[in-house]
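Keep in mind that what you see is a predicted model, and the values were worked out from it rather than measured.
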Amino acid sequence: MLKSFKTEINPTAEQKHKINKTIGTCRFVYNFYLAHNREIYEQENRFVSGYDFSIWLNNDYIPNNPEFAWIKEVSSKSVKQSIMNAQKAFKNFFDKKASFPKWKKKNNSDVKMYFVRTDSKAMIFCERHRLKIPTLGWVRLKEKGYIPTSKDGYIIKSGTVSCKAGRYYVSVLIEMPENEKPVLNNFGIGVDLGVKDFAVCSNGKVYKNINKSSHIRKLEKKLNREQRRLSRKYESLKKSKNNLKGEVTRQNIRKQKLKVQKLHHRLDCIRTDYINKAISELVKTKPMWITLEESFLSSEQS
């Protein structure tokens with residue numbers, strides 16, 4: 001059984017540079033694959049697979065365009081994975097499961113740095129407080145003891161490194177022994193999702209609306225202030241005619257955007273944690289079934 005573990009890491013300045021460079025390269029290659037496929041389809045009416053594009057990129061395009069040699073300066077596994085992700089997006093489009101693949105934007109995309117075991121004998125070592133990631137080396141973990149260690153015999157198959165609001169996370173896939181199926185109790189729980197309260201359960205348990213808490217409201221007020229400051233900086237940039245002053249304003253905008261992103265991320269983490277704890281509390285009662293009011297509505301409408 002494969003199980004995923006995600007936690008925050010504390011990379012050094014050099015490791016942050018490598019992560020950002022790899023993510024940027026993967027984003028460029030993803031967009032390049034989309035553009036190349038669109039061009040080939042318009043000219044030759046055919047689709048280029050991810051495997052064929054990877055061969056063309058490494059053996060033809062980069063040697064004839066040395067200004068793009070920086071693509072090979074990052075992990076080849078990450079670059080290949082980004083190409084395969086783009087191919088999967090095309091496949092979902094052809095199967096009518098999704099819309100046409102969208103471009104990955106610099107400040108608004110889910111591109112990740114991918115790493116994997118190089119062969120069956122190689123190991124991705126993990127200790128209680130650190131993880132050895134290929135091309136990065138040992139990276140310190142902020143949450144110690146959460147990821148199962150190699151010392152205990154657990155094998156990390158693959159993983160990704162991502163960045164969100166200036167914070168870095170690692171997600172690893174580990175081979176775990178099969179868990180025994182729990183013995184369920186002979187009762188079920190109905191959950192009514194509402195507006196006044198987050199959820200009202202048939203067993204009498206009521207979960208309050210987290211958005212009405214004083215802590216969330218304080219953070220939302222702070223977010224509104226920081227967003228207004230960001231908006232004023234954009235207005236100041238539009239009116240600026242001095243190049244030097246404009247460059248200073250752009251730097252201040254980047255700093256202010258990071259503040260706004262951190263507040264959004266903090267609010268998202270608080271809400272997600274509250275939902276996860278509520279779900280965990282319900283599941284620990286081991287009911288035979290759990291049903292939501294929305295599921296009935298969606299089934300009737302369909």
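A single hydrophobic cluster is not seen to contain both Leu258 and Ile253; linkage of ILVMFWY side chains at heavy-atom distances under 4.5 Å, directly or through other members, places them apart. Residues Phe115 and Met123 are members of separate hydrophobic clusters, defined by side-chain heavy-atom contacts under 4.5 angstrom among Ile, Leu, Val, Met, Phe, Trp and Tyr. Residues Val200 and Ile290 fall into different hydrophobic clusters, defined by Ile, Leu, Val, Met, Phe, Trp and Tyr side chains chained together at heavy-atom separations under 4.5 Å. By the rule that hydrophobic residues join a cluster once side-chain heavy atoms approach within less than 4.5 Å of another member, Val111 and Ile9 end up as members of one cluster. The cluster map of Ile, Leu, Val, Met, Phe, Trp and Tyr, joined by side-chain heavy atoms under 4.5 Å apart, puts Val172 and Trp138 in different clusters.
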request  = List the steps and the verdict of side chain to side chain contact (heavy atoms under 4.5 Å, CB included) for Ser171 and Ser162.
outcome  = CA-CA 8 Å; Ser171 177; Ser162 58; over 6 Å; no

In sequence, state the C-alpha distance, the side-chain angles, and the governing distance for Asn209 and Tyr274, and then conclude on side-chain hydrogen bond (donor to acceptor under 3.5 Å, both in side chains). CA-CA 10 Å; Asn209 192 341; Tyr274 182 77; over 6 Å; no

Quick one, Phe198 with Lys208, criterion side chain to side chain contact (heavy atoms under 4.5 Å, CB included). Give me CA distance, side-chain angles, the key distance, then yes/no. CA-CA 5 Å; Phe198 171 65; Lys208 295 181 179 180; over 6 Å; no

**Item:** Pair Tyr41-Phe47, ring-ring contact (aromatic ring centres under 6.0 Å, His included): steps then yes or no
**Value:** CA-CA 6 Å; Tyr41 185 81; Phe47 175 77; 8.6 Å; no

**Report entry** Stepwise side chain to side chain contact (heavy atoms under 4.5 Å, CB included) check, Arg128 with Tyr146
**Finding:** CA-CA 8 Å; Arg128 182 177 176 274; Tyr146 173 65; over 6 Å; no

### Pair Val29-Ile83, side chain to side chain contact (heavy atoms under 4.5 Å, CB included): steps then yes or no
CA-CA 7 Å; Val29 172; Ile83 295 172; 3.4 Å; yes

Working note: Glu220 + Arg271, criterion salt bridge (charged side-chain N to carboxylate O under 4.0 Å, His left out); need CA distance, chi angles, decisive distance, verdict.
CA-CA 12 Å; Glu220 286 179 337; Arg271 289 170 178 142; 2.7 Å; yes

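The minimum heavy-atom distance linking Arg254 with Glu247 is given by the pair NH2-OE2, 3.9 Å. Of all non-hydrogen atoms in Val191 and Cys201, the two that sit nearest each other are CG2-SG, 4.3 Å. Taking every heavy atom of both residues into account, Phe93 and Pro101 meet most closely at CB-CD, 4.1 Å. Taking both residues in full, the closest heavy atoms of Pro177 and Met1 are given as O-CE, 3.6 Å, listed atom of the first, atom of the second, then distance.
The backbone N or O of Arg232 lies less than 3.5 Å from no partner atom in the side chain of Ser236, so there is not a single donor-acceptor pair. Side-chain atoms of Asp273 never come within 3.5 Å of backbone atoms of Cys269 as a donor-acceptor pair (strictly under, hydrogens ignored). Checking side-chain atoms of Ser54 against main-chain N and O of Tyr51 turns up no donor-acceptor pair under 3.5 Å. Distance alone, capped at 3.5 Å, places no donor-acceptor pair between the Ser158 side chain and the Val116 backbone. Of the possible polar contacts, one joining the Ser150 side chain to the Cys126 backbone as a donor-acceptor pair under 3.5 Å is found. Panel note: side chain Ser231, backbone Gln227; no donor-acceptor pair is recorded below 3.5 Å. Of the possible polar contacts, none joining the Asp268 side chain to the His264 backbone as a donor-acceptor pair under 3.5 Å is found. At least one donor-acceptor pair closer than 3.5 Å links the side chain of Thr285 to the backbone N or O of Leu282.
With rounding to the nearest 0.5 angstrom, the CE atom of Met113 is 4.5 Å from the OG1 atom of Thr22. To the nearest 0.5 Å, the span separating CZ on Phe125 from CD1 on Ile155 amounts to 11.0 Å. Interatomic distance, Leu223 CG to Lys259 NZ, rounded to the nearest 0.5 Å: 13.0 Å. Taking CG of Asn203 as the start and CD1 of Ile189 as the end, the distance is 4.5 Å to the nearest 0.5 Å. Between Arg46 atom CZ and Asn37 atom CG the span is 8.5 Å, to the nearest 0.5 Å. Taking NZ of Lys106 as the start and CD1 of Ile23 as the end, the distance is 12.0 Å to the nearest 0.5 Å.
A cation-pi arrangement is present between Lys205 and Tyr207, with the terminal nitrogen or guanidinium carbon under 6.0 Å from the aromatic centre and inside a 45° cone about the axis. For Lys104 and Tyr30, the positive end sits near the middle of the six-membered ring, less than 6.0 Å away and at most 45° from its axis. Cation-pi contact between Lys6 and Tyr169: present, with separation from the ring centre below 6.0 Å and deviation from the ring axis of at most 45°.
Between Arg229 and Glu226, at least one side-chain N (NZ, or NE/NH1/NH2) sits under 4.0 Å from a carboxylate O, which counts as a salt bridge. With respect to Arg130 and Glu127, a salt bridge is recorded, a charged nitrogen being found less than 4.0 Å from a carboxylate O. Taking a cutoff of 4.0 Å between a charged side-chain nitrogen and a carboxylate oxygen, Lys88 and Asp95 do not qualify as a salt bridge.
Just one of Tyr33, Tyr61, Phe90 meets the ring-ring contact (aromatic ring centres under 6.0 Å, His included) condition when paired with Phe53; it is Tyr33. Applying side chain to side chain contact (heavy atoms under 4.5 Å, CB included) to Ile174 and the options Leu2, Ile147, Ile124 leaves one that passes, Ile147.
No hydrogens or angles considered: a donor-acceptor pair under 3.5 Å links the side chains of Thr149 and Asp152. No side-chain donor-acceptor contact under 3.5 Å links Asn252 and Thr249.
Using a 4.5 Å cut-off on side-chain heavy atoms (C-beta onward), Gln256 and Tyr234 make no contact. Counting only heavy atoms from C-beta outward, the side chains of Val139 and Asn10 never approach each other to under 4.5 Å. Two residues are said to be in side-chain contact when any heavy atoms from C-beta on lie closer than 4.5 Å; Arg140 and His129 meet this criterion. In this structure, the side chains of Lys257 and Leu230 come closer than 4.5 Å at one or more pairs of heavy atoms. In this structure, the side chains of Gln87 and Ser49 come closer than 4.5 Å at one or more pairs of heavy atoms. The shortest side-chain heavy-atom distance between Leu263 and Lys222 falls under the 4.5 Å cut-off. Using a 4.5 Å cut-off on side-chain heavy atoms (C-beta onward), Asn185 and Met288 make no contact. Annotation: side chain of Leu237 is in contact with side chain of Arg250 (closest heavy-atom distance under 4.5 Å).
Relative ring orientation between Trp56 and Phe32 is described as tilted, the plane-to-plane angle lying within the 30° to 60° band.
Within 6.0 Å of atom NE2 in His265, more than 12 heavy atoms from other residues, nucleotides or ligands are found, so the atom counts as buried in its surroundings. Other residues, nucleotides and ligands place more than 12 heavy atoms under 6.0 Å from the CD atom of Gln251. Heavy atoms from other residues, nucleotides or ligands lying under 6.0 Å from CZ of Phe68 number more than 12. Heavy atoms of other residues, nucleotides or ligands lying less than 6.0 angstrom from CD of Glu180 number 12 at most. At most 12 non-hydrogen atoms from other residues, nucleotides or ligands lie less than 6.0 angstrom from NZ of Lys255.
In this structure, Trp70 has its ring center under 6.0 Å from that of Phe28.
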